Structure formats: C-alpha cells, structure tokens
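What follows is one structure encoded as structure tokens, with my remarks underneath.
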Protein chains: 2
Amino acid sequence: MSSTSRAPHTAPETAERIRDTAITEFAARGFSSTTVRGIAAAASVSPGLVIHHFGSKAKLRAACDDHVFETLTDIKRENPQAPPSLLAELLTEGPMRTYVEYFLKSMLDPSGQGQRFFDHYVAVLEQIIGEGFAGYAFRQAEDRRAQSTAIAVLALSPMLLEPRVRHALGTEDLAGSLARLAPCLLDLYRHGFITSEPDRQDLSTPSAAPGGRHDAPPAGPEGEASTTNEGDQR
Amino acid sequence: MSSTSRAPHTAPETAERIRDTAITEFAARGFSSTTVRGIAAAASVSPGLVIHHFGSKAKLRAACDDHVFETLTDIKRENPQAPPSLLAELLTEGPMRTYVEYFLKSMLDPSGQGQRFFDHYVAVLEQIIGEGFAGYAFRQAEDRRAQSTAIAVLALSPMLLEPRVRHALGTEDLAGSLARLAPCLLDLYRHGFITSEPDRQDLSTPSAAPGGRHDAPPAGPEGEASTTNEGDQR
DNA sequence: CGAGAGGTTGAACTCATGTTCAATATTGAA
DNA sequence: TTCAATATTGAACATGAGTTCAACCTCTCG
C-alpha cells in the first residue's frame, strides 16, 4: 500500500516495515501470542510475504532481536553521559519504549537473544558499579558479579511487573507507575529498607558483605527468599 | 490406571490428581504452553476426562489458581512466626516449590487471579512493614502503599529472572542462584547500593518526576529507570 | 440380578496457526 | 518492447490444540 508509492522494484522498505511491525507486535503481545497473520495484517501485507522475506517466524524474531539489540546499544552510545533522568524519559516515553518493552519480553521468554541482552546488561552494570557513573558511586561487594546481577534483576523488575503495580496502585500508565514507585526505589537504593534485625547468635552472618565468591559461607538465611516469605506471612 | 485400584465409582481422587498434575504442568511450562493433552498424558487419563471434570482449560486453570492460593495462604498460617530462613527452605526446596513457581507464572500472565495474588502479597507486606516481623524493623516511607509495592516487586524479581541469573552466574539451580545472590541482596536491603551522588542544582526540580503523585518528595530522578539506563550505558 | 448413574475412553470435529505454492503484478535491464 | 527477476498475493496444506460426543466400563442400589 503505502510502500508501493515509494518502493522501487526491490523493496527493502517493505521488509523493514514488516520487521518494525513485528517488533511492535512482539513487544505488545509477547512472542508466542503474536501470530504471523497478525503481523501481516498490522503491516497490511499477506502472511505469505512475511515468510517470504524472513523464512519463518523464528527467523523473523531473530531479525527483530538483532535490530532491537543494536538500536538499544546505539542509543546509549549516542547519549553517553546523559543524566539518568533524561535517559529515563527517553526510554519510557519516546519511541524507544517499544524497544524497551521488547527487551523486557525477551527477558521473560526463554531465548538465546534474551540471555544475550541480560548478560550484556550485567556486564555494563558491573563496569558502572566499579567505576561509578555520572557522579554516582556504588557499594563494592566482594562478589561483584553477583552484585551486578542482583542489581540488574532489581532494576528490571518494576517494568516487568508494571501491569501488577498499575492495578495495585491505581496508576494510569507505565510512566505513572514508575513515578509513584520512584521515591521508594531511590530511597531503597540509597539506604535499604531494613532498619534493625533480631539478635541471633545461631544465625549470625558476616554483616557487611558476606558474599565470598563460591567459597561463600552458608551465609544464613537467603536474603531474597526470606523477603518473599515475609510476604506470604501473615 | 493407578486410580482404578483405589477409587470407587465416584472418584474425586481422579479430579484432584488431574488438578495437581495441571498445577505442576502450568508451573513448569506456563499457561499458554501447557496443553490439555499434556496434562492428560501426565495424569494418565484421556484429554476428554480433563474437560469432563473441569469443563474447559480455563476453568481448570481457575481451579488450580484457587487451590494454589489457598495452599500458599495456609502455609504461612501454619508457620506464623517461623524465621525467614526456614520459610525460605520450605518454599524453595520442599513440595511448595511447585506452588511458588505457579505463583510466579501467574504473576507474569495477565489474569485476574495473578493480580489477586499480587495484591494480597502487597497487603501483607504493608502490614509487615508497618508492624515489623520476626524482629526485623523496616524503614517507613510516606507513601507506604508504594513502598510495599516496590518491595514486593523487588522481592519477586530474583525468582522471576532466575533462569537468566543462572546463566549469568553459572549456578546450577534455583537454590544455587538464590544462595549466590543472597548476600548481595541482603546487603542491599540493609544499606542500599548508592554511596554518593553528584551535586546537582539544576536537576533538583520536580522535572525528574513527571506525574508526581500526591505529596511524595520529588527525590530526584526515577530510581528504577535511571538504573535501567545506566545499564544500557556504555 | 438388573438398571441406572457417573467415570472414562478414543475418535472426531472445529478452529487457529505456520508454512507452501502456483499464479500474478511490478520493476529494472537488455 | 521484451525479458527475467523479484515482490506480492490468495488459496491450500499440515499440524496442533480445545472441545464434543457416543459408546464402554464400573460401581451402587433396588
């Protein structure tokens, strides 16, 4: 349709349009729920053309993965030292939001590219934690890799669970939910949220940074799991 | 087969076995990926019998939701003040692990029951934060609801993303991943992970928090999103 | 023992989805 | 203009999944 007006005989434009449409669909509905027919309809082409250009749904997804990955890694290269607040708006409100949601869907879908995204994210975080970023300095843990992974996981979670947050807080949209959570998250990132702990000789843990790599001591209660339990506790 | 040996003509036992099998399958593969035929095969019955007992796949899922929800809420009622470490093992290593994974799958799947789970979780957390729990005391935020929600989200995330963590850290299983993350998470819960921040007069304005709701202090950039951006930063 | 009721099965039906394929349209080149 | 290559379509095919249904089995009750 609209492509025919501009495209020559060879129409890479159409393939790109299909790919971009697929990214949007994947980001909105997830991978398994998105159908080739749905993508084709959204791009105003026939289902066969989608397969013709990309070979299969799996290869189309691979193409989308590559494009999103490159776009996301380029974005930050273009804005190398932008303050976090601006990058936040850029990623949550601009056209990048689709790519971010695609990224999040990849995070939950068992796929090699999703893992690649995550590993890259952890590696970047590890460097940032070590060197600081934009004037921020971070706590240094013994097991730096685990620390980076933990922070990566925590940083992703508000967007992963944003639909649940939206309902729980009554917020309107993604930006609203994040804005509502932001002060709490920032406070937590600055000071934690545990102010005092029970006296326990039997479970006394090396309080500071007990995360010795591999050879870590039993370390007492599992921090994460314990919090989960407290939640289920009444 | 095995049921025929014990079950009378009326076999509520079979229906329960189908439901329990379905819970296991749902927890392992997710809802959309789990098939009625797969459940039937795992339970050694015919697909038609599954529908006969529950009416449809959706109703079967509703029955599973109810059962998991009741089981999880009962567990904590039975162990009211058990130390977090014991509850952790109970939920991650015992037979409850299946229910926990079912709960996590519900968290990511857009469904009413999943939201019910989450809302209940937030409510319980809010009470715990206010009153303390097992000797722990927690920071009190102005927006307590948002604080509870934030902590709920953060507490769930390590298990949600555990497959990614497993690959990133090279751990063997869920317990291994959590054990490796635990010291970092605990340290973060105690002290946060930001040690110093840049001096910024220009960004001290509410511009950072768009849609700033109620009286929550601007508190600078969005904690979550900013961290996400830092991650994409190189 | 006979009948009825419910449990259980296996095949079949319906629908959605990924994919294939022959046919047609379009375009740049000879 | 003619040709070859590519883009594009629409229908058809194959598969898998949820569901239906008639028949069979197994038990309880009269």
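Here is how names work: the chains are called A, B, and so on, in the same order as the sequence lines, proteins then strands, and each is numbered from 1. None of the values given here were measured: they were computed from a predicted structure.
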**Asked** Which of these nucleotides, dT8(C), dT19(C), dT9(D), is closest to any side-chain atom of Leu49(A)?
**Response** dT9(D)

**Request:** Would you kindly give the CZ-to-P distance between Phe31(B) and dA17(D), to the nearest whole Å?
**Result:** 17 Å

**Fill in**
Here the distance between atom C1' of dT8(C) and atom CD1 of Ile39(B), to the nearest Å, is 17 Å

**Prompt:** Charged N to carboxylate O under 4.0 angstrom, Arg97(B) versus Glu101(B)?
**Reply:** yes

**Side chain of Ile51(B) (C-beta onward), nearest among dA17(D), dT8(D), dT20(D)** = dT20(D)

**Prompt:** What does Thr35(B) touch in the nucleic acid at a heavy-atom separation under 4.0 angstrom: a base, only the sugar-phosphate, or nothing?
**Reply:** sugar-phosphate

**Complete:** Here the pair of heavy atoms bringing Thr171(B) nearest to Val165(B) is OG1-O, 4.2 Å

**Prompt:** Using the ring of each side chain (for Trp, its six-membered ring), is Phe31(A) parallel, tilted or perpendicular to Phe26(A), with breaks at 30° and 60°?
**Reply:** tilted

**Request:** Tell me what Thr34(B) touches on the nucleic acid: a base, only sugar-phosphate, or nothing, going by heavy atoms under 4.0 Å.
**Result:** sugar-phosphate

**Request:** Take Glu162(A) and Ser177(A) through the side-chain hydrogen bond (donor to acceptor under 3.5 Å, both in side chains) test and state the conclusion after the steps.
**Result:** CA-CA 7 Å; Glu162(A) 193 273 333; Ser177(A) 300; 2.7 Å; yes

**Fill in**
Ranking dT19(C), dT9(D), dT8(C) by distance to the side chain of Val36(A), first place goes to dT19(C)

**Request:** Would you kindly give the CZ-to-P distance between Arg29(A) and dT17(C), to the nearest whole Å?
**Result:** 11 Å

**Message:** Any donor-acceptor pair, under 3.5 Å, between the side chain of Arg37(B) and the base of dG18(D), if you only look at N and O atoms?
**Reply:** yes

**Message:** Give me the atom names and distance for the closest heavy-atom approach of Thr21(B) to Ile39(B).
**Reply:** CG2-O, 3.8 Å

**Request:** Can you tell me the distance, in whole Å, between the CZ atom of Phe54(B) and the P atom of dG7(C)?
**Result:** 12 Å

**Side-chain donor-acceptor pair present, Gln147(A), Arg144(A), cut-off under 3.5 Å** = no

**N/O donor-acceptor pair under 3.5 Å between Tyr121(B) side chain and Thr149(B) backbone** = no

**Asked** Of the nucleotides dT8(D), dT8(C), dT19(C), which one has an atom closest to the side chain of His52(A)?
**Response** dT8(D)

**Message:** Check this one for me: any side-chain N or O of Thr14(A) less than 4.0 Å away from OP1 or OP2 of dT8(D)?
**Reply:** yes

**Asked** For residues 56-64 of chain A, which residues have at least one heavy atom under 4.0 Å from DNA chain C?
**Response** Ser56(A), Lys57(A)

**Asked** So which nucleotide from dT9(C), dT8(C), dT8(D) ends up closest to the side chain of Val45(B)?
**Response** dT9(C)

